[in-house]
Amino acid sequence: MSIAVGTNSQVFLLSTGNTSYAFGIDDRGLVRHLYWGKKLPSADELEMPVLTEVSTNDPVFEITPEEFPVHGGLRYKEHCLKVTFPDGTRELVYRYDGYDTEQGDGWEELVLHLKDEHYAFRMDLHYKLYPAYDLMERTVVLKNEMEEPLQIEQLHSAQFHIPYENLNFSNVHGHWGAEEQPFTQRVSYGKILIENRRGTSSHNHNPYFILDRDATETSGEVFFGALRLTGNFSGVVEQTPYGETLVQMGINPHDCLLALEPGQTLTAPAILCGYSATGFETMSHNLHRFALDHIMSAGLRPVLYNSWEATEFHVNCRDQIKLAQKASELGAELFVLDDGWFGERHSIQNGLGDWYVNEGKFPNGLEELIDAVKEQGMKFGLWVEPEMVNPKAKLYQDHPDWIYHYDTRVTDTSRVQYVLNVTKPEVQEFIYNMLDNLLTRYDIDYIKWDANRPISQTGPQRDIWYNHIQFIYHVVTELKKKHPDVLFEACASGGGRIDYGILGIFDDFWTSDNTDAYDRLYIQNSYSRIYPIKAMRAWVTDCPNFLSGRVIPLTFRFHSAMMGSLGIGCNILKFTPEEVALAQKMIAQYKEIRPIIQEGAFYRLDNPSADQYFLYEYLKGDKGVLFAFLPQSKVGHRGTTVRLRGLEEDARYTVHTSQGDIVKSGSYLMDHGLPLHLSGDYASVLVQFEKNQ
Ligand code: GLA
């Protein structure tokens, strides 16, 4: 049993393979946090400290580590929940009302029932344990059992307490073309807020927290959590004056008001959380394994070709067929037709909303291209941006009231487009039917779903920030019921929708519009801390890169993109015979190592050299792959030492280097390591190895 209840039934100890989390109910009925860290043996050893007021200015609520602090009373810290009851009362006073447990395949759940002492309002705190992954999912389910609606002004899904000060907090910052830029800052007194207010985007911050005590990849304590929500999230970290650090995360209260109607329940977005006593690598491995086994759709991802960077809006059937034939010759398995195939879509000026095939570009319909793609034995994918409309589009001309707007204000366009109010039933019907018709009429295997601007001028509704994305989740879930084999890629101007809310509903992430192979090493490294490799779409594109202007050898570009789910975005019709041969070789090699890349354990290896080597290892069963990159050889032109990880100490491994095979023990490869010397600019190697039988 992973859930242990103390003999007095007031203390709960939740354990996974290596970790424990504990809380209890005190004599006032407060749910108080007791522990989060390495595994503890027994619930009976846990004691509930007696609360005494330090002074009138340090009320007990401020000092008490509550599991789910609500607004009300002498509480002044961040609270998880603030509701306004029908009579205007804004204070919540909860009482403990028992618990339930549930069990399933690989998980156990504790549900703690709380109810308001006066109003017919319930809060159930959920703790779902996945012992094999050292992970827990926390959420709260709210239920209005009154006759009138109540308003929710603030809903963070859970609060966590870390019994230390001066922790390091890590997240990412960034913008379009520069997603996933990591930062770490020391937590001190005061608060750190990370959030998104744009509705469609996570280019800037990402909905997770990592708090560590000077951890490294392989040592030190790390507390982490990832929110399962896309769009407007917020997360607050606060070091209190009482010797601990709080962190909570959930729906962003900015401009948000949710009504809970009589009889209605609301489940807050879950937080997938865990503790590692052995550094960041364990955190990543646990999240990656969980994502592969419990969140993502099964199966290896196909090598795709996407024609966007090759043709942009200059789409026509003849050229797309030529690209498809070439892509197939190289070894691609999926051909994706990006923007520009529909309506009067010749630039960003028009077309969005008019989802009919452009006859000028496809005089014999889309079938001609799809048939040609299928003849090559490839799957077919299509780009859509269903939440948007151009002002010039017929859809907007017919339905100007379908966009988010205020009647008395001018609505801003961005990328010459408006956002459809997807909370309107008629818009929902339009989007579902449009996609269902496309998927029914055409033999489509893959949808790249884009969203290229933030939401603004939402109209009087203040719930759209939350409900907009709920509809996107809903419509894709419904479409998949009818079209179960179609994979969906989540794109929002690049990596604007990378989170654990959308993953599982969608299958892949478009990681960034920045396809520069060197920039991508940084983006991919930081992405890999939290998110699984299989979902990380990475393309090889042309040089000079459209964004960075860099010219990087094709081998380096391939190696960088082979670190994720490989895609090709070059104008392959311009490839020289040498480039064709190299691409064929690389794609064939990728297919061979794909299970290790997409489903293996991923290691960010240490680089002991003064030169800037990027070293990564993938391991699955007896087989492994090493990637080494040296973007620029610097004065001194030093080599490095590659110390592999995760091997069996006593086993012997054969490493296939370009100079021949090397046979060494796991211990040797992990502790002594192998020398590696790359030279020149943008040098890279891919080395395969395996355990000897
Ligand atoms: C966004 C996407 C790109 C591409 C274009 C098409 O920028 O991120 O990959 O699909 O839109 O307009």
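Each ligand, and each atom within it, is numbered from 1 in the order the structure gives. As the structure is a prediction and not an experimental result, all values here were calculated from the model.
R550 pairs by the side chain to side chain donor-acceptor pair (under 3.5 Å) definition with D516, D519, Y682, not counting sequence neighbours. Checked against salt bridge (Lys or Arg N to Asp or Glu O under 4.0 Å), E344 has no partners two or more places apart in sequence or in another chain.
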Please tabulate, one line per pair, the protein nitrogen or oxygen atoms found under 3.5 angstrom from a nitrogen or oxygen of ligand 1, with distances to 0.1 Å, or say none if there are no such pairs.
{"unit_1": "ligand 1", "atom_1": "7 (O)", "unit_2": "N452", "atom_2": "OD1", "d": "3.4"}
{"unit_1": "ligand 1", "atom_1": "7 (O)", "unit_2": "D513", "atom_2": "OD2", "d": "2.9"}
{"unit_1": "ligand 1", "atom_1": "8 (O)", "unit_2": "G494", "atom_2": "N", "d": "2.9"}
{"unit_1": "ligand 1", "atom_1": "8 (O)", "unit_2": "D513", "atom_2": "OD1", "d": "2.6"}
{"unit_1": "ligand 1", "atom_1": "8 (O)", "unit_2": "D513", "atom_2": "OD2", "d": "3.0"}
{"unit_1": "ligand 1", "atom_1": "9 (O)", "unit_2": "K448", "atom_2": "NZ", "d": "2.7"}
{"unit_1": "ligand 1", "atom_1": "9 (O)", "unit_2": "W510", "atom_2": "NE1", "d": "3.4"}
{"unit_1": "ligand 1", "atom_1": "9 (O)", "unit_2": "D513", "atom_2": "OD1", "d": "3.3"}
{"unit_1": "ligand 1", "atom_1": "10 (O)", "unit_2": "D338", "atom_2": "OD1", "d": "2.6"}
{"unit_1": "ligand 1", "atom_1": "10 (O)", "unit_2": "D338", "atom_2": "OD2", "d": "3.4"}
{"unit_1": "ligand 1", "atom_1": "10 (O)", "unit_2": "W383", "atom_2": "NE1", "d": "3.0"}
{"unit_1": "ligand 1", "atom_1": "10 (O)", "unit_2": "K448", "atom_2": "NZ", "d": "3.1"}
{"unit_1": "ligand 1", "atom_1": "10 (O)", "unit_2": "D450", "atom_2": "OD2", "d": "3.4"}
{"unit_1": "ligand 1", "atom_1": "11 (O)", "unit_2": "D450", "atom_2": "OD2", "d": "2.9"}
{"unit_1": "ligand 1", "atom_1": "11 (O)", "unit_2": "N452", "atom_2": "ND2", "d": "3.3"}
{"unit_1": "ligand 1", "atom_1": "12 (O)", "unit_2": "D339", "atom_2": "OD2", "d": "2.6"}
{"unit_1": "ligand 1", "atom_1": "12 (O)", "unit_2": "R415", "atom_2": "NH1", "d": "3.1"}
{"unit_1": "ligand 1", "atom_1": "12 (O)", "unit_2": "R415", "atom_2": "NH2", "d": "3.1"}

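Between H559 and F627, the ring planes are perpendicular. Angles over 60° get that label, and only those under 30° would be called parallel.
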Just distance, no hydrogens or angles: give the donor-acceptor pairs under 3.5 Å from side chains in residues 366-373, sequence neighbours left out.
{"unit_1": "E368", "atom_1": "OE1", "unit_2": "N364", "atom_2": "ND2", "d": "2.7"}

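Once rounded to the nearest 0.5 Å, the distance linking CD of E579 with NZ of K574 reads 11.5 Å. H483 NE2 to L438 CG: the interatomic distance, rounded to the nearest 0.5 Å, is 9.5 Å.
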